[in-house]
Amino acid sequence: MRSYLLRRLIGMIVVIFLVLTIAFVLVRLAPGDPASLMLGPDASPEEVAALRVRLGLDQPIIAQFGSFLANALRGDLGQSLFFNQPVTTVLASRAEPTIVLALFSLLVALVIATPIGIWAAYRRGSVLDQTSITTAMLAASVPSFLTGLVFQRYLATDLGWFPASGYGGAGAGFTERMRHLILPAITLGITNSALILRFTRASMLDILGEDYVRTARAKGMTERRVVLRHALKNAGIPIITVVGLTFALLVSGAVVTERVFNLPGMGNLVVNAVLRRDYPVIQGTLIVVAALYVLVNLITDLLYLAVDKRVKY
Amino acid sequence: MAGPASSAAAPPSLRKLLMQRPSVVVALAVFVLIVAACFLLPAFGLTSIGGMSVRNRLTGPGAEYMLGADAFGRDVLGRLMVAGQTSLGIGLGVALLSSVAGVFIGLVAGFFRKLDTPLSRLIDAMMAFPDILLALSLVAIFGGSMGNVILALSVVYAPRIARIVRASTLVIRELPYVEAARALGTRTPTIMVTHVLRNIVSPILVQATFIFAYAMLAEAGLSFLGVGVDPKIPTWGIMVNEGRQYIDNAFFLILFPGLAIALSVLSLQIVGDGLRDALDPKLAKET
């Protein structure tokens, strides 16, 4: 157990080191001099030279990489060129809508997908099963911006049930802000429910074929109890895995969804950073998101231990 | 456990398996139809974008324009076909390029022990970046052209193929016939291609079909965000993005290209699923 943890931690450190390296190299791969690229064609040579010094571009590449790593480990991801603030400050101020949107939509996805997935596995091959699989595939095929725009047009603009866009404006209260996240969360939740539904169904199918389920039935246990007590409990592990896997989907989906609903989150920030060529913000977002991904997957692995006592590493 | 009788039985033919799942045949037909429509209709002059006409701007679907006219009075159906060529082309390009790159990386990682750990960790690190986010950054850095979008999305998806190829290579390289080939003095590249690669074609094909679908979705996402290919070349995602301004009075401008994406991706995913079931009966039981 302890050696497993140690191995996982070392693996995680290596991957995070590589993530930092990739993020560093990516920005350096941009054709042309980063400083003149950032300042645009109208900048004078003096301004470009000054920025080169400020960014440390006059140093040898290894030294630049070294100070980049050292800064990143201290939590310094550089300065945003557009906001003229530390990247971490900019990211932190945009974190709330993105984090709440991700959690909220995960909840929506779980509420939709888990019961249907269990029911579909239980009635394998039935019309309901076929329909649910096809619907899940459809949900994964419709681009989330289309779902979002349909909701925005019909549920928000026409029916007025939800706010159509934004985050309630400056000084909006908590309830108001959350109200603005309902449609985005449903949009993103529907897209992500597809994968969770298929995983839940597949793992329930495995479990329903196990000996202990047959034994429980043979003992005369009610079907309801068999499914809820025995099967569902053991389906927990694969479901946790898939929740870890959907993290990447959630982030990618959040970028698009925030754009549709004009939410001031990290997704919208990174798209604007791309349009403004604000490389430090792009780099910082990549690092933070990838590090979170690695962390989430470590946590899901550790959760196995908590859910299933048989899992030994 | 399979008895001697069942293990001796010949594997069911691909055609039979596909026929057992009519949905796969339907999906394949739909996809072929979409591709044919996009490439043949404009080529034979059956649809055209038409000139710009202010009089007809935002005309709804009807007799004059089957799927309506856009803000410049151009025929939506005609544009849909031309845009489809780019969207489908990008999907196919990504599927091919990421497969070639992924196969190469995966074979090298699986075959050369010294390179396995560094390459595997690199694959892990690449997969830690969510697809749209990584593609977005790559396009931001290299600029948005069709080639760069294909390249960016291939960088995103190649690690998935590489992971599958590496895992299969690790198993196959230990099999007796590979050992035999080596004992006969066959050179490593020959073993890699003729003995290993030929045996893992089906999982690669299945994955490539899914990547085709994901890449089309991702390209649509990038174009929708305004950071995909040059907006002068229409793609389905760009059409949706353009239609956003008219969301309240001409929703069809968003709906039709959106449905074109959804239908193509859905049919590809069903075909991918069908292929997986047909080519790998072991996996079929699980899903």
Side-chain angles (χ1 to χ4, degrees), chain A residues 11 14-19 21-23 26-27 29-31 130 133-134 137-138 140-147 149-150 152-154 157 198 201-202 205-206 247-256 259-260 267 270-271 273-275 277 279 282-283 285-286 289-294 297, chain B residues 23 27 117-118 120-144 155 213-214 216-218 220-222 224-227 236-237 240-241 243-244 247-248 251 254-255 257-259 261-270 273 285-287:
Chain A
V14 172
V15 169
I16 287 188
F17 170 76
L18 285 171
V19 161
T21 314
I22 294 169
L26 268 187
V27 172
L29 280 179
Q130 301 284 340
I133 298 173
T134 316
M137 229 179 227
L138 185 67
S141 305
V142 177
S144 53
F145 53 79
L146 182 65
T147 324
L149 290 171
V150 168
Q152 196 176 45
R153 168 77 166 79
Y154 293 102
T157 311
R198 296 186 68 166
R201 178 178 172 277
L205 277 180
D206 278 354
F247 175 80
L249 273 179
L250 281 177
V251 175
S252 281
V255 175
V256 174
R259 203 69 183 168
V260 172
V270 77
V271 176
V274 166
L275 298 173
R277 292 184 170 269
Y279 290 116
I282 302 173
Q283 195 178 47
T285 315
L286 276 176
V289 169
L292 273 176
Y293 176 84
V294 174
N297 278 287
Chain B
S23 60
T117 311
S120 295
R121 289 292 90 76
L122 191 65
I123 291 170
D124 287 346
M126 291 299 288
M127 288 182 74
F129 299 109
D131 55 359
I132 291 264
L133 197 60
L134 183 56
L136 201 65
S137 315
L138 287 167
V139 173
I141 287 159
F142 297 109
V155 170
Y214 299 150
M216 285 189 69
L217 270 181
L222 288 177
F224 173 76
L225 295 172
V227 287
W236 287 334
V240 173
N241 195 22
R244 273 193 82 181
I247 183 167
D248 288 330
F251 195 73
I254 292 170
L255 192 64
L259 288 179
I261 301 165
L263 202 58
S264 312
V265 174
L266 180 65
S267 52
L268 274 173
Q269 296 216 66
I270 295 176
D273 253 26
K285 269 193 292 183
E286 288 168 23
T287 44

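Quick note on labels: first sequence line is chain A, next is B, and so on, each numbered from 1.
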For [X], which atoms come within 4.5 Å of any heavy atom of chain B: side chain, backbone, both, or neither?
| X | value |
| --- | --- |
| A/Ala140 | both |
| A/Gln152 | side chain |
| A/Val14 | side chain |
| A/Val294 | side chain |
| A/Ile22 | side chain |

May I ask you to decide if the ring planes of B/Phe224 and A/Phe145 are parallel, tilted or perpendicular, using 30° and 60° as cut-offs?
parallel
Is there a side-chain contact between [X] and [Y] in this structure, where contact means two heavy atoms from C-beta onward sitting under 4.5 Å apart?
| X | Y | result |
| --- | --- | --- |
| A/Leu26 | A/Leu286 | yes |
| B/Val265 | B/Gln269 | yes |
| B/Val240 | A/Leu149 | yes |
| B/Leu133 | B/Phe129 | no |

When heavy-atom pairs shorter than 4.5 Å are enumerated against chain B, which of A/Leu275, A/Ile16, A/Thr21, A/Val260 gives the highest number?
A/Val260
If you count heavy-atom pairs under 4.5 Å between each of A/Ala23, A/Gly11, A/Ala290 and chain B, which one has the most?
A/Ala290
Drop me the distance from A/Ser141's OG to A/Leu146's CG, to the nearest 0.5 angstrom.
11.5 Å
To the closest 0.5 Å, what do you measure between CG (A/Asp206) and CZ (A/Arg201)?
10.5 Å
Please determine, among [options], the option with the most heavy-atom pairs under 4.5 Å with chain A.
| options | value |
| --- | --- |
| B/Leu122, B/Ile132, B/Leu266 | B/Leu266 |
| B/Ala128, B/Ala262, B/Gly237 | B/Ala128 |
| B/Leu222, B/Leu259, B/Ile261, B/Asn241 | B/Ile261 |

Heavy-atom distance under 4.5 Å to chain A: side chain of [X], backbone, both or neither?
| X | value |
| --- | --- |
| B/Met216 | neither |
| B/Leu217 | side chain |
| B/Ile270 | both |
| B/Ala220 | both |

Of the non-hydrogen atoms in B/Ala125 and A/Leu18, which two are nearest, and what is the gap between them?
CB-CB, 3.6 Å
Taking A/Arg198 for the side chain and A/Met137 for the main chain, is one N or O donor matched with an acceptor at less than 3.5 Å?
no
